[in-house]
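Structure first, then comments.
We count ligands from 1, going down the list as the structure has it; atoms in each ligand are counted the same way. Just so it is clear, the structure is predicted and the values come from calculations on it, not from any experiment.
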Amino acid sequence: MRRSILALNAGSSSIKFALYDLVSSRDMQLVSRGTLDLGDKPTLRAKAADGTVQCDRPLTADKRRDAAIGEMLNWVQGEIGERNLICAGHRIVHGGSEFIEPVRLTPDIIDAIDKLTPLAPLHQPRSLAPVRAIAALQPDLPQVGCFDTAFHQTIDPLVRRFALPRQYEEQGLRRYGFHGLSYEYIAGRLSEISPIFAAKHTIVAHLGNGASLCALHGGKSIDTTMGFSALDGLVMGTRCGAIDPGVLLYFLLERGIAAEELQAMLYEKSGLLGVSGISGDMRTLEASNDPRAQEAMALFAFRAAREAAALANTMGGLECLVFTAGIGERSATIRKAICEKLTWLGVVLEDRANNTHAEILSRPESKVEVRVIATDEESVVARHSRMVMQA
Ligand code: ADP
């Protein structure tokens, strides 16, 4: 009987999932890939590996996350047929200092991960929701957690330190970095398709609803723009990115804004949405003639280029720039705006390649090779889960 792994990647308003068959002692084969959309109209969509639509239907009236996850599991079980599902693997946003390897999710470990919720108040509960739902629905199915923070454990203590009184660092107040599963995937792909560049100084720009940059040297994380929380660094769909901490003090002390309200503002009402006043969705902004949409996009690109220059400085060089995730893979406008600001570092874009989303976007004379690589966090979750299960 074929053995399979279900990989889950829970985001703010959707859960991506992918089902893999273990085809040899090393290889896995994608069977289906889908999204459980938890927005206003909960929907379950799935496609087979060849792109054939397998499922595209609204979920029943019950909008609770658990119920929706249950429906997805039922659908997966129906598809599985003769397969034996050996585990469900999950992307978990925060592993703190403790979880630097993927782990089997026992009740004690789930509790320990839950204790990290104050470090990622909005994201951690979303990561744990499908874990808990599956534990309740299928208690015998082993589960594995794969941490977004783990890939950044190679970052030097100097780079991850805040200039705060020392005791706070010992209490976990330091930069962690996120999007690690995506960066791990890109580092792996780069070493397959361009081993020369994989050994050099690379910046990966993961530009989705959440956005960050990672400096890779020899495939290892050297620096990244997200820090203690997933708020730091770049302007994002609805998150502010790096901000003068004095602004927060001003809101709290002078404007009397409640801490929860401030949290909601920084995570959910800022970024592209806040600046444009229109949307946090890059496609919507690109389609808009409103000058505020243009201003939001310009700020997004400016800040990404500024942070990229800072990461190049941490590495002491830049030979390769990789764009990934929704905006990085599909927005020629944003890529061009960022690259133009990095001309002084030797980035020369080939417009035609950029406009057609080619694999290599830079001109031959560019000192920095610019690439697009589609990310695949689910495949990393599946690979790690298999390792943990020793399957
Ligand atoms: P998430 O971080 O939720 O996984 P994605 O990686 O899917 O998100 O990225 C979502 C972002 O990508 C949104 O801002 C969306 O507008 C943008 N995006 C997707 N397709 C395009 C496109 N063709 N052109 C410009 N932006 C796009």
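Heavy atoms only, all atoms of each residue included: Ala198 and Ser191 are closest at CB-CA, 3.5 Å.
For the pair Glu286 and Arg330, the salt-bridge criterion is not met [side-chain N within less than 4.0 Å of a carboxylate O]. For the pair Arg303 and Glu307, the salt-bridge criterion is not met [side-chain N within less than 4.0 Å of a carboxylate O].
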Next on the checklist: Evaluate Arg189 against Glu192 for salt bridge (Lys or Arg N to Asp or Glu O under 4.0 Å), listing each step before the verdict.
Outcome noted: CA-CA 5 Å; Arg189 274 300 288 152; Glu192 285 165 10; 2.7 Å; yes
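A distance of 6.0 Å or more separates the ring centres of Phe99 and His94.
At a 4.0 Å heavy-atom cut-off, the residues surrounding ligand 1 are Lys16, Gly208, Asn209, Gly210, Asp281, Met282, Arg283, Glu286, Ala325, Gly326, Ile327, Arg330, Ser331, listed by chain and number.
Proximity of Met265 to Ser270: side-chain heavy atoms (C-beta onward) are separated by under 4.5 Å at one or more points.
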